[in-house]
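Notes to accompany the following structure.
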Amino acid sequence: LCSAPDAADISRSIDAEICWFDAEPMVPERPYLLKLGTRQVRAMLSVPSERIEVETLSWTPGESGLQMNDISRVRVRTQQPLPFEPYARNRAGGAFILIDELSKRTVGAGVVR
């Protein structure tokens with residue numbers, strides 16, 4: 001329960017920053033499982049809009065996919081609406097993991113912007 005101004009946004013589309021963990025590259029528009037709290041739904045990731053350069057810590061234009069340890073900004077679309085909150089406001093409602101549907105490996109983690 002919360003007051004109306006503090007309520008989470010319920011949406012099927014969010015902007016997020018993700019870190020890719022898996023040796024297999026991220027494929028845009030391929031379905032993954034997104035786990036937020038106790039909910040798990042199918043989700044697809046857009047082509048990264050920006051990627052962080054670890055040497056300079058600056059954001060550069062994104063490319064077609066993500067490699068292991070890449071950090072990028074993407075749009076996430078979920079199959080069902082979820083209550084998302086910016087990570088800066090609520091760590092529990094603003095953080096999620098990404099799971100490969102076939103292997104069940106955790107392939108990435110993200111925060112809602």
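Just so you know, these numbers use all the heavy atoms, side chains as well, and skip hydrogens, waters and symmetry mates. Residues: numbered from 1 along the sequence shown.
Between K35 atom NZ and L98 atom CG the span is 12.5 Å, to the nearest 0.5 Å. For the atom pair CG of L45 and CH2 of W20, the computed distance is 6.5 Å after rounding to the nearest 0.5 Å. With rounding to the nearest 0.5 angstrom, the CD atom of Q79 is 9.0 Å from the CE atom of M44. Expressed to the nearest 0.5 Å, how far CD of E101 lies from CG of L33 amounts to 4.5 Å. Between atom OH of residue Y32 and atom CD1 of residue I99 there is a gap of 12.5 Å, rounded to the nearest 0.5 Å. A distance of 8.0 Å separates CD of E50 from OG1 of T60, quoted to the nearest 0.5 Å.
Hydrophobic cluster membership for M68: none, as no Ile, Leu, Val, Met, Phe, Trp or Tyr side chain comes under 4.5 Å of it.
Ion pair D70/R51 flagged as a salt bridge, since at least one NZ, NE, NH1 or NH2 atom sits closer than 4.0 Å to an Asp/Glu carboxylate oxygen.
Y87 contributes no side-chain N or O that, together with a main-chain N or O of G110, makes up a donor-acceptor pair within less than 3.5 Å.
The two atoms that bring V74 and P48 nearest to each other are CG1-CA, 3.8 Å, heavy atoms only. The shortest non-hydrogen separation linking R113 to P86 is O-CB, 4.1 Å.
R75 and S49 share no donor-acceptor pair across their side chains, judged by distance under 3.5 Å alone. Side-chain polar atoms of R42 and Q80 form no donor-acceptor pair below 3.5 angstrom.
Qualifying side chain to side chain contact (heavy atoms under 4.5 Å, CB included) partners for N90, counting only residues two or more places apart in sequence or in other chains: E85, A92. With sequence neighbours left out, R77 forms a salt bridge (charged side-chain N to carboxylate O under 4.0 Å, His left out) with E29. For L36, the side chain to side chain contact (heavy atoms under 4.5 Å, CB included) criterion is met by L34, L82, F84, F96, not counting sequence neighbours. The side chain to side chain contact (heavy atoms under 4.5 Å, CB included) test applied to V47 returns P28, not counting sequence neighbours. The side chain to side chain contact (heavy atoms under 4.5 Å, CB included) check on T56 picks up E53, S58, with sequence neighbours excluded.
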Point to revise | CA sep, side-chain torsions, deciding dist, call: Q67, D22, side-chain contact (heavy atoms from CB on, under 4.5 Å) | key: CA-CA 8 Å; Q67 304 295 322; D22 203 37; over 6 Å; no
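The hydrophobic cluster containing V27 also contains V107, counting ILVMFWY residues as joined when their side-chain heavy atoms lie under 4.5 angstrom apart, directly or transitively.
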